[in-house]
Enquirer: 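Can you read through this structure? Questions will come right after.
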Amino acid sequence: MNAAKRVLSPSKVENLPAQGKRYKKQIDLDTQTPPQPQEQENYDFLLDDDEDFDVSALDAAVSANPRLELSGWQRCVVRHVERLPKTHDLLLELSGEEEEAGKAVCHLQAPWNQTPIQTGDLLSLQAHWQPTLAAYAINKEHGYCVIHPDLLISSTSVTGSLFCRRKAVLQDRFRGVDSANAVMIIGTLVHELLQTVLAQRLRRKPQIEDALQGMLHSAQLAQQLYAAQLSRAEIELQLHKFVEPIVAFIAQYLEGESPAVQLPETFAGRIEQIQDIEENLWVPQMGLKGKVDVSVRVRNKKHPIPLELKTGRASFSMEHKGQLLLYQLMHSALGQETRSGLLLYLREGIMREVREGRNEQRDLILLRNELAHYLTRDAQLPATGQESVSLSLPEQPGKLLQPFELPEPISHHSACGNCAYATLCCSFASTDPQLELSESHPLRRLMPQVLSHLGQPDNEYVLHWCGLLALEEQQARQSHQLRSLWTETPARRQQQGRAIHQLELPTGHKARFQDGRFEHKLVLSAQADKDFNLNLSGFELGEYVTVSCTSRLAIAAGYITRLETRSLCVQLERDLGQRYTDESFIVDKHESQSFASFNYTNLALLLEASEKSAELRSIVVARTPPKQHKVVPRIIGSKGGPMLRPLNKVQQLAALRALTTSTHLLIKGLPGTGKTQTLVAIVRLLHLMERSVLITAQTHSAVDNLLLRLLPHNLPMLRLGNSARIHPQLLAISEAELTSNCETVDQLTQVLHKPSIVGVTCLGAGHALFQQRHFDYCIVDEATQVLQPTVLRALSHCTRFILVGDPEQLPPLVRSREARQRGADETLFQRLDCEEATAVLTLQYRMNRSITRLANELTYGQALQCASKQVENARLQLELISNSNSAWVQRALQTHLEQAVLLLDTSDCSQRCLDYAAASKQLGQTGDSIEQHYGEDRIVPTTARSRRPPKYTNYCEAAIVMHLLHQLLAAGYDARRIGVIAPYRAQVELLRQLGKDLNGVEFNTVDQYQGRDKNLIIYSCTKTGSSTDSAERSREAEILEDQRRLTVAITRAKHKLILLGDVSCLQRYTPFQRLFKHIPDRCRLHLADGRMGFSWQTLLDELNHAKRGD
DNA sequence: GCTCTGCTAAGAGGA
Ligand SMILES: Nc1ncnc2c1ncn2[C@@H]1O[C@H](COP(=O)(O)OP(=O)(O)O)[C@@H](O)[C@H]1O
């Protein structure tokens, strides 16, 4: 009863179910409070009534018709929208995110009534009760309505859009098209200097000069200068000019000395305390984020106020003031009511107070909504279904269907002419059927200039990919990774493996400052679950995370540098000790949006007027095939022998073509044909020719795989990228290691520019090094797993490129089903594949002749050939102890070459799996929890689920696998030569748990096995039974319908491949059906009770024993 | 939504 009473105590009123999901903090508004809803009074009555009330009656009362409270920030869902005829107000009927949380009606009056809102939209509102309407209202004077509140837009994007909305929208997507100039770098450094001075409480000029010197000679600055291609000398003088103004600022505002002249309008108060520096704000109430330069306490203000530093001309423009107004709103929404801010123009030594202003703040939020609208619009795509999907519009020649709507361009001759986004802006403008520019619009003059080098196919290629990327972005937004930070409790996030909560700083903790970052140790608190182990929390070393405390989201971000059972270390960009010593912290995984913008930016790169971009367009867009020089460089003839010798004829030919191609070469490496071997030779030969080589791939492991094979050859190599992701044996050539002693730009340049062979992931090719270094060759390994836009960056830094891969194996990961269906998984390899461009490696060193034959029949025609008799005839080396095994096991593990492929048919075992799960409680639970974790039905209650057959696990197959494995190991077969694969993660986890004592056997998904092999492979196909619902079947089928996955699965085994599954079920999937046609009866074994000593009961009993054994 | 890789950020200033 006590508990119930506490929940209802007035101070915890937000815990009332009637309030719905509210923001944690509320602000006190001067606005008139609405009358308490009727039900609320009932509670009071109940409360007064005392200890003995009935909680369920209370719940019933609440769900009757509670009113949703909108006078504080409230998330709500639009249930109905209507435009009122006379007033043109938008009338919204709202409910909480869960409908039972309550309802409310709100009028959006001018200027909010133009907001694009639809039924079903999620809004974040703060409204004003209007008795005359008997409803809430948001109007000119009161309230805010925020659309798409889970999209946090940065304050500078909002203020930036004051000048040109179109640019702001482009900038948000194509981040990084405009590179920072010297003035901006100086600006950044002056910020750092002032922040250092304030953090360290430096007061006197000599101290400040020392701080500047320290900064100028830091390794961190060298990195920044290297990236900006500036020398220390170039910036030193500029920075010095700011020392005097900083001294004056400190004297007046921190020391309280009167200035020589006090200009009118300047801030006359005093800063009493520096509260925070670079405070990070994420405010989902307003859909905004931002970083406050400095938060300061001043006299007569209850809460700290933001201070914004500018190093340019003192314009007092709305762009600058707007930043402060937004920070004020954000602080207020977080419960620190803030009505003022300080705008400091350091160069001119002027600081003014910027006070709150309803009109400006309202308009900024309206502007923010406008940006949110453009950034979340569903991509517009051509109808699919016809032969060729084209963006061209028959009625409007020259125009193309635009994937996303953009704001209209401003009309400003000089600004448009100098805008970094001009090409992009014009490319969209020139093809946009909706856009009508006036005769005198500056873009009309600009367009022919900035677009003269582009043809319509170029525009079309870029727009096509923009559309596909937009679909991926949409998908990412919907998967609500980010929003869970404010919509789910920390405990729930921890459960899902996304977060670790109940962390604290150890007493007396001091952050260690290193390389411009603060290393913190966080320890699980005494309240945390005693059995919780951080090593099993789903977090990894090197992972990028945010740190929140219970009252504030994302106060810092950084990398995990250490993980122990009960503690972890994170390198953050700020020191938590300053302000948050006694807080309880939550660490969350952070998936940034940077992939999307990396890809968009690469498309923009393709449109540039540079020679390199023209070359890329001619290859990538126009698909111009390469020319082959006939003459091999002399040095290869004289010294290339040792490098070519380890290659077979086909590999040698590919290598020589790589050296002599005019622009590019594709190497199609069928399974086991020695791709890496060939690449090693190519890199060594190129090195012999004194050519520089950039080695790249989508994944770290693929990059490292090649570098590791090159390591013994003592070539000059550098590996760029996050050290935590790099193979330990390559750390010696990692960027971090090689540059660890560099303190100057020259030293950095020395180290980074010397090695002629550089390895980096495709996304890592955004590294600053590539602004300065161009490479002769780019080698893209596993090129059939990289999205087209992703690979462009690396290619743009090299003269020639070689793509290596196998389009018959698994494609790149595309999350959006629609993007996939529209061809987002078509890689550059496929696009450029043609006879002139492609060398095929056909001699394989992996599979014996039976397995090779099957692979040819399913996928490779007759292309795949065994490289030698030895490969062709390699058999499983196994001697079973004959009498201790039943006949079916003997048969299944036959070593005869003609039995190298075996299909074990379980028939429909769905009911058996179900019965087994029900009977064996313990195992049933294991499977249940695995299905729950990896399967799709995350929200189905356990009781309902266990009555249905599991979809992604199969006990019967697991039992057979375990039995076979035990027999193999008992016969002395080397566990490390055995691989067990399955299409689903859930089945893999089940197998792993059951086989955890079988050391050495590798269990993994087919996807993860790409590129690997084993002597013996068992493929547990998992799917069984007959699914009646055809719609469901087609939706689920994608994994099994993909022939590329099946191709990978059957080409992993060297000596023996055991396919295990329900043949009649699998036959419904086209690739399996085709495969089975080529498996003769003598290679099939039907498993049924009593046949060849087979017994389900025995096998399933064994599972129980195995389980009990631990 | 089964398979599941990548990576710092918001703001540096100026029409
Ligand atoms: N030319 C060759 N001669 C002999 N063996 C080879 C040759 N090329 C490749 N192999 C064998 O094939 C195996 C796989 O080669 P690798 O280059 O790692 O293949 P991939 O990169 O295609 O997976 C190697 O272990 C090697 O023994």
Side-chain angles (χ1 to χ4, degrees), chain A residues 152-157 159-160 163-164 167 175 178 180-192 228 278 280-281 289-293 308-313 315 317 319-320 323 410 412-419 475 478-479 517 542-546 554 556-559 571-573 590-599 697-702 721-722 725 761-764 766 782 785-787 790 810-817 934-938 951-952 982-988 1005-1008 1010 1022-1023 1035-1040 1042 1044-1045 1048:
Chain A
L152 304 186
I153 299 184
S154 81
S155 310
T156 45
S157 294
T159 54
F163 183 69
C164 177
K167 181 180 172 186
R175 203 172 306 238
D178 50 353
N181 55 40
V183 181
M184 281 153 84
I185 299 293
I186 306 268
T188 310
L189 295 174
V190 172
H191 273 76
E192 280 173 32
E278 290 274 286
N280 192 52
L281 298 174
K289 60 184 169 187
K291 275 205 163 81
V292 182
D293 282 345
E308 180 60 31
L309 165 64
K310 297 288 166 197
T311 49
R313 196 171 56 80
S315 61
S317 62
E319 275 96 324
H320 293 168
Q323 246 174 291
I410 55 163
H412 195 302
H413 280 274
S414 62
C416 289
N418 293 323
C419 181
Q475 185 67 41
Q478 278 160 18
S479 71
R517 289 174 165 276
E543 187 152 335
Y544 197 70
V545 294
T546 59
Y559 294 100
Q571 253 182 15
L572 304 175
E573 81 287 0
H590 180 50
E591 197 180 343
S592 84
Q593 288 281 314
S594 64
F595 314 121
S597 56
F598 180 83
N599 285 324
Q698 170 77 6
T699 63
H700 290 284
S701 63
N722 181 347
R725 297 275 177 259
T761 57
C762 287
L763 280 110
E782 297 190 354
Q785 301 214 284
V786 196
L787 287 183
T790 306
L810 285 164
L813 195 84
V814 177
R815 277 181 179 154
S816 146
R817 176 195 304 274
Y934 293 97
E936 65 174 334
D937 305 321
R938 295 190 181 198
K951 280 182 186 163
Y952 308 114
Y984 306 115
R985 172 83 16 218
Q987 177 73 354
V988 170
T1005 55
V1006 177
D1007 297 59
Q1008 295 287 312
Q1010 177 145 318
T1022 313
K1023 195 91 193 158
R1035 195 160 41 77
E1036 272 176 26
E1038 234 184 310
I1039 293 266
L1040 297 174
D1042 196 331
R1044 297 169 293 195
R1045 183 167 287 103
V1048 171

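Quick note on labels: first sequence line is chain A, next is B, and so on, each numbered from 1. Just so you know, these numbers use all the heavy atoms, side chains as well, and skip hydrogens, waters and symmetry mates.
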Enquirer: Starting the side chain at C-beta, find the nucleotide from B:dA10, B:dC4, B:dA15 nearest to A:Thr156.
Expert: B:dA10

Enquirer: Starting from the 5' end of DNA chain B, give me the residue, A:Ala415 or A:Lys291, whose nearest nucleotide shows up first.
Expert: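 Closer to the 5' end of DNA chain B: A:Lys291.
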
Enquirer: Tell me what A:Leu813 touches on the nucleic acid: a base, only sugar-phosphate, or nothing, going by heavy atoms under 4.0 Å.
Expert: base

Enquirer: Looking only at atom types and distance, does a side-chain atom of A:Asp293 sit under 3.5 Å from a main-chain N or O of A:His191, one as donor and one as acceptor?
Expert: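 Side chain of A:Asp293 to backbone of A:His191, a donor-acceptor pair under 3.5 Å: no, none is there.
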
Enquirer: Determine: side-chain N/O of A:Thr188 to OP1/OP2 of B:dA12, distance under 4.0 Å, yes or no.
Expert: no

Enquirer: When you check the phosphate oxygens OP1 and OP2 of B:dC7, does a side-chain N or O of A:His700 lie under 4.0 Å from one of them?
Expert: yes

Enquirer: If a pair means Watson-Crick or G-U wobble with both distances below 3.5 Å, what does DNA chain B look like in dot-bracket form, with | marking bases paired to a different strand?
Expert: ...............

Enquirer: If you measure from OG1 on A:Thr156 to NE2 on A:His320, what distance do you get to the nearest 0.5 Å?
Expert: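 Spacing of OG1 (A:Thr156) from NE2 (A:His320) equals 11.0 Å.
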
Enquirer: Check every strand shown and say whether A:Gln323 touches a base, only sugar-phosphate, or nothing at a heavy-atom separation below 4.0 Å.
Expert: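 Sugar-phosphate: the residue A:Gln323, judged by heavy atoms under 4.0 Å, touches backbone atoms but no base.
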
Enquirer: Rounded to the nearest 0.5 Å, how far does NZ of A:Lys289 lie from CG of A:Leu281?
Expert: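 Here the rounded value is 12.0 Å.
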
Enquirer: Does A:Ser157 put a side-chain nitrogen or oxygen below 4.0 Å from OP1 or OP2 of B:dG11?
Expert: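 A:Ser157 to B:dG11 OP1/OP2: no side-chain N or O under 4.0 Å.
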
Enquirer: Passes side-chain contact (heavy atoms from CB on, under 4.5 Å), A:Tyr952 versus A:Arg985? Steps please.
Expert: CA-CA 8 Å; A:Tyr952 308 114; A:Arg985 172 83 16 218; over 6 Å; no

Enquirer: Keeping A:Gln323 on the side-chain end and A:Ser155 on the backbone end, is there a donor-acceptor pair under 3.5 Å?
Expert: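 Answer holds: no.
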
Enquirer: For the CG atom of A:Asn599 and the CG atom of A:Leu763, what is their distance to the nearest 0.5 Å?
Expert: 6.5 Å

Enquirer: Check this for me: does the side-chain of A:Gln475 come within 3.5 Å of the base of B:dG1 through a donor and an acceptor?
Expert: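 Checked by distance alone, the answer is yes.
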
Enquirer: Name the closest nucleotide to the A:Tyr544 side chain, picking from B:dC4, B:dG11, B:dT8.
Expert: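 Within the option list, the nearest is B:dT8.
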
Enquirer: Which nucleotide wins on minimum distance to the side chain of A:Ser154, given the candidates B:dC4, B:dA10, B:dA12?
Expert: B:dA10

Enquirer: Once you round to the nearest 0.5 Å, how far does CZ of A:Arg1045 lie from CD of A:Gln1010?
Expert: 9.5 Å

Enquirer: Rounded to whole Å, how long is the line connecting atom NE2 of A:His590 with atom P of B:dG6?
Expert: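 Interatomic distance, NE2 of A:His590 to P of B:dG6: 17 Å.
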
Enquirer: Closer to the 5' end of DNA chain B via nearest nucleotide, is it A:His320 or A:Glu573?
Expert: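 Mapping each residue to its closest nucleotide by heavy atoms, the 5'-most match is A:Glu573.
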
Enquirer: For the side chain of A:Lys289, counting heavy atoms from C-beta on, which of B:dG13, B:dA10, B:dT3 is nearest?
Expert: B:dA10

Enquirer: Look at all strands and tell whether A:Thr1005 reaches a base, only sugar-phosphate, or nothing, counting heavy atoms closer than 4.0 Å.
Expert: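 Touches sugar-phosphate only.
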
Enquirer: Under 4.0 Å, heavy atoms only, any strand: does A:Asp1007 hit a base, just the sugar-phosphate, or nothing?
Expert: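 Touches a base.
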
Enquirer: Under 5.5 Å between ring centres and under 30° between planes: does that hold for A:Phe598 against the base of B:dG6?
Expert: no

Enquirer: Of the listed nucleotides (B:dA15, B:dC2, B:dG6), which one gets closest to any side-chain atom of A:His412?
Expert: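 Within the option list, the nearest is B:dA15.
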
Enquirer: Provide, to the nearest angstrom, the distance between the OH atom belonging to A:Tyr559 and the C1' atom belonging to B:dT8.
Expert: 5 Å

Enquirer: Of the nucleotides B:dC7, B:dC4, B:dC2, which has the atom closest to the A:Leu763 side chain?
Expert: B:dC7

Enquirer: Any sub-3.5 Å donor-acceptor pair from A:Arg517's side-chain atoms to A:Gln571's backbone N or O?
Expert: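 Side chain of A:Arg517 to backbone of A:Gln571: a pair is present.
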
Enquirer: Do any side-chain nitrogens or oxygens of A:Arg985 fall under 4.0 Å of OP1 or OP2 in B:dC4?
Expert: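 Yes, because at least one side-chain N or O of A:Arg985 sits under 4.0 Å from OP1 or OP2 of B:dC4.
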
Enquirer: How about A:Glu1038 and A:Arg817: do any of their side-chain heavy atoms sit closer than 4.5 Å?
Expert: yes

Enquirer: Would you indicate which nucleotide in B:dG11, B:dT8, B:dG13 comes nearest to any side-chain atom of A:Arg517?
Expert: B:dT8

Enquirer: Would you kindly give the CD-to-C1' distance between A:Gln1008 and B:dC4, to the nearest whole Å?
Expert: 8 Å

Enquirer: Output yes when at least one side-chain N/O atom of A:Thr311 is less than 4.0 Å from OP1 or OP2 of B:dG13, else no.
Expert: yes

Enquirer: Can you tell me how far P of B:dT5 sits from CZ of A:Arg725, to the nearest Å?
Expert: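 Nearest whole value for this atom pair: 10 Å.
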
Enquirer: Give one of base, sugar-phosphate or nothing for A:Pro812, where a contact means two heavy atoms less than 4.0 Å apart.
Expert: nothing

Enquirer: Picking from B:dA12, B:dG6, B:dA15, which would you name as closest to the side chain of A:Ser414?
Expert: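 Of B:dA12, B:dG6, B:dA15, B:dA15 is nearest to the side chain of A:Ser414.
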
Enquirer: What is the distance, to the nearest angstrom, from the CG atom on A:Asn181 to the P atom on B:dG11?
Expert: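 Rounded to the whole Å, the gap is 18 Å.
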
Enquirer: Measure the distance from CZ on A:Phe163 to P on B:dG14 and round it to the nearest whole Å.
Expert: 13 Å

Enquirer: Parallel, tilted or perpendicular: which fits the ring planes of A:Tyr559 and A:Tyr544, with parallel below 30° and perpendicular above 60°?
Expert: perpendicular

Enquirer: Kindly point out which of B:dC4, B:dA12, B:dG6 is positioned nearest to the side chain of A:Thr699?
Expert: B:dG6

Enquirer: Checking all strands, does A:Ser155 fall into the base, sugar-phosphate, or nothing category for heavy-atom contacts under 4.0 angstrom?
Expert: sugar-phosphate

Enquirer: Given B:dA12, B:dG13, B:dC2, which nucleotide is nearest the side-chain atoms of A:Glu308?
Expert: B:dA12

Enquirer: Which whole number of Å gives the distance between the C1' atom of B:dT8 and that of B:dA12?
Expert: 16 Å

Enquirer: To the nearest Å, give me how far apart CG (A:Asn722) and P (B:dT5) are.
Expert: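 After rounding, the gap between these two atoms is 15 Å.
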
Enquirer: CZ of A:Arg817 versus P of B:dC4: gap in Å, rounded?
Expert: 16 Å

